[in-house]
Amino acid sequence: WRWFGQDGILPRKVKKWEVFVMEQFDPEVFNRGWNFNAGLAIASAMTSASKDITPEMKFNFDCAIIQDIDYLPEEGVDYTYCDYPTQLSAEIDRYNWKTPYMASAGGIVAMNLGHWQQINGFGNDYFGWGGEDDELHHRLRLNGLLYGDCYPFCKKHDKNAGKTGISIRRPKKGHGRFSGKFMHSANHTKRITDSSAYAKNVKMLNEIASGSSRWKNDGLSNLQFRIIGEEVDETDKDVGIVYRHIRVHRGSEKFDVHAVKLAIPDTVCSSSLSAVPQKWSVQDLGPKIPWNLDQLRSRVASSMDEVGADCNPHHLNFVLIDRRHGFAKILSDEDPRLLTVYFRSLKNHQNDGLIVADPRKASDIRESYAQVKSFVTPPTEFGVCKSKLPKYGPKYSVHEGPSCSGGGWDPVEGGGFFAYTRKQPGLKPVSWCNNEKHWTQLIVDKERCPKEWQGLKWVQGGTFWTAVGSQGFCVGTRASDEEMASFSRMLPQDDCSGASFDHNFAFSPAAELPKSPSVVVCVVKNTKSLSVEARLGGDSCEGEHMKVLARFAARRGSAAASGDKRFCVEGSSKGGDIIRPDKKCSKSKFSFAIPSEAATLAGSNQPQHRTICVVSDEINVGAACTSAPKGSIVFDAPSAADVGASLPWGDLGSAATAPLVLLVDEEVPCFGFLCPAAVKLLFHEGQGSGSGSSL
């Protein structure tokens with residue numbers, strides 16, 4: 001950008017650039033329009049959009065441009081074209097130096113602030129790639145702001161040449177060239193793959209194309225977000241450019257990343273695998289949030305004196321814990337971006353977030369969890385879709401993820417299953433091969449696809465590993481003289497023969513995972529009936545009329561350590577539930593166990609326990625337990641330090657106990673810290689039923 005700012009157009013027209021790099025700080029799929037709205041709201045100090053915006057934050061600017069990061073301007077592009085709404089990217093390399101279609105309003109678009117406010121910005125609810133730019137065309141149309149003709153699609157002697165109101169205005173030929181040669185489809189945000197979300201986007205687009213007035217109430221006017229952090233880069237200030245990386249979170253509720261707990265053991269500098277922590281420092285991350293692995297290591301270094309340690313933290317790894325679900329992942333140099341994904345995925349940073357510093361290698365950490373049966377690599381979710389053909393019946397496709405992409409593709413009933421994307425002992429490969437001419441698939445029980453079959457070219461689509469030869473799903477193939485009719489099908493049945501298809505092989509979904517030895521227990525109050533219940537699980541504690549009073553990590557009753565405090569839960573005569581000592585429940589709903597001794601805290605650290613008690617056959621939490629009668633059940637829920645101390649440290653023998661969290665290593669990353677499919681598979685209530693991991 002420095003080159004363009006200096007020499008892109010001479011003499012220089014733009015004296016000052018403020019480049020806002022907006023980061024959508026949540027686990028949802030990308031929302032291009034919402035991100036731009038947030039950036040414009042900050043630049044114009046629109047205080048109604050965020051509690052974090054003040055009038056002093058306002059910039060004085062002439063033009064506001066939405067700039068996709070995967071297209072760079074070439075010489076001659078004039079960013080001062082904003083007296084009327086202008087699509088600066090009128091000539092794009094990948095579209096043969098045109099726009100993709102006449103009504104396109106995507107890419108790089110410039111307007112003055114008044115015009116952006118007149119059309120109410122972008123729509124806020126276009127999740128995924130596509131739709132928001134087409135709606136922008138209609139917002140301009142409905143406000144009489146289309147000043148372009150048929151260019152660059154005008155034909156010879158075209159009657160629409162020079163006639164405005166057809167498209168967004170575009171600069172003359174040679175002055176709208178943008179190149180994306182450094183970032184094209186392989187690097188682009190993936191297109192939306194959730195058919196229901198795709199259908200919602202199409203519905204919104206059709207509404208506004210038909211003249212809906214929704215644009216008046218959906219955009220800048222109802223925008224709500226919080227600013228999570230800002231980093232300013234003034235490297236190119238000498239040529240008038242300042243870059244601002246701003247993280248924003250949707251909604252008006254506070255998003256306190258600084259409240260995530262950081263637990264540091266006194267063994268933080270030890271290289272011995274037999275070292276066991278004796279005391280802990282537990283602190284909030286604080287206002288200076290470590291946004292990357294190196295900053296987090298430095299944050300630990302600043303607090304080592306609390307535990308009497310002193311070393312260079314460059315070797316440190318971390319265990320990132322989601323206490324809401326009881327799951328953890330390893331943060332190391334293998335995947336340093338995981339820290340940002342973790343921060344943006346937590347629902348309640350103060351209660352759910354816990355980072356534990358660990359001096360061991362990532363491989364040694366995994367091995368320690370595996371030894372105590374608290375490490376799992378869940379299989380990946382796959383889906384089978386079908387699409388109608390004019391003849392030859394439907395065609396089929398298999399892909400990662402539970403949803404079809406829309407656009408004529410619909411899910412096959414019962415066609416969801418789990419399988420592994422990494423080679424697994426005792427399992428065999430199944431690969432799907434894509435024909436890009438007819439968008440059909442050939443499915444083979446091999447690791448690699450054939451380059452040619454039936455006179456057609458095939459490219460590798462993907463591979464999963466499963467039990468081939470077992471029953472559950474079948475694969476059949478049809479070889480036809482007609483190119484479009486030559487493809488495979490996958491169905492949730494034992495045999496795929498019929499309709500000219502030959503049955504090739506059958507396979508079964510991945511076997512169910514064993515139950516996690518750790519659980520999450522929550523105490524909830526029904527605000528309607530006023531009864532108090534104890535439940536297992538993370539998000540299952542939430543619900544209408546339900547208020548969470550406490551949520552804590554525990555061991556499953558069957559995985560209790562020898563010295564643990566053990567409890568069971570059953571229904572109370574007063575309604576709701578009651579917690580009793582283990583074996584004292586006549587009709588136990590579930591049982592759990594917690595460590596009998598609390599972790600030792602170092603220095604000025606104060607205990608952070610939540611006390612739970614049972615008084616008069618009713619569960620109470622917090623202050624109500626201070627006056628509990630003698631003989632009542634009273635216990636402290638495990639604190640952040642207790643969770644850290646429960647992790648598998650030191651020499652692990654046969655008597656080693658399971659930690660209070662389950663370590664997870666997912667095969668395929670997603671937008672969130674834990675993929676929805678993994679939560680579905682690992683969640684306690686979802687285990688132990690059925691014969692396989694099919695949906």
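Keep in mind the model is a prediction, meaning the values are calculated, not measured. Numbers for residues simply follow the sequence, beginning at 1.
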Can you tell whether the side chains of [X] and [Y] come within less than 4.0 Å, N to carboxylate O?
X: D133; Y: R32; result: no
X: R324; Y: E542; result: yes
X: E28; Y: R344; result: no
X: R214; Y: E207; result: yes
X: D294; Y: R297; result: yes
X: K386; Y: D410; result: no
X: D236; Y: R2; result: yes
X: K13; Y: D62; result: no
X: R226; Y: D52; result: yes
X: E544; Y: K528; result: no
X: E56; Y: K58; result: no

- Task: Could you name each residue pair satisfying disulfide (SG to SG under 2.5 Å) that touches residues 84-139, not counting sequence neighbours?
- Result: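 Passing the test, one end in residues 84-139: no pairs.
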- Task: Mind jotting down which residue pairs meet the disulfide (SG to SG under 2.5 Å) criterion with at least one end in residues 59-129? Sequence neighbours excluded, please.
- Result: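 Matches after skipping sequence neighbours: C63-C82.
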- May I have the step-by-step check of side chain to side chain donor-acceptor pair (under 3.5 Å) for T380 and E400, ending in yes or no? CA-CA 7 Å; T380 298; E400 286 182 12; 6.0 Å; no
- Task: Inspect the surroundings of CZ in F4 and state if more than 12 heavy atoms from other residues, nucleotides or ligands are less than 6.0 Å away.
- Result: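 Yes, the 6.0 Å shell around CZ holds more than 12 heavy atoms from other groups.
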- Query: Quick one: does NZ or CZ of R139 land under 6.0 Å from the six-membered ring centre of W116, within 45 degrees of the ring axis?
  - Reply: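 Judged by the rule (NZ or CZ under 6.0 Å from the ring centre, within 45° of its axis), R139 is not positioned above W116.
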- Query: Is the Lys NZ or Arg CZ of K329 less than 6.0 Å from the centre of F673's six-membered ring, within 45° of the axis?
  - Reply: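 The answer is yes, since K329 meets both limits relative to F673.
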Using a 3.5 Å distance criterion without hydrogens, assess whether the side chain of [X] forms a donor-acceptor pair with backbone atoms of [Y].
X: N31; Y: N124; result: yes
X: D149; Y: G162; result: yes
X: H249; Y: F25; result: yes
X: Q67; Y: Y71; result: yes
X: Q350; Y: A259; result: no
X: Q295; Y: W291; result: yes

Side-chain contact test, heavy atoms from C-beta onward, threshold under 4.5 Å: evaluate it for [X] versus [Y] and give yes or no.
X: T80; Y: V14; answer: yes
X: L339; Y: I355; answer: yes
X: L674; Y: E666; answer: yes

- Item | Partner of F178 by side-chain contact (heavy atoms from CB on, under 4.5 Å), out of D70, D93, D68, V77 |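 Among D70, D93, D68, V77, the one that satisfies the side-chain contact (heavy atoms from CB on, under 4.5 Å) with F178 is V77.
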- Message: Below 30° counts as parallel, above 60° as perpendicular, anything between as tilted: where do the rings of Y79 and W17 land?
- Response: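 Rings of Y79 and W17: perpendicular, as their planes differ by over 60°.
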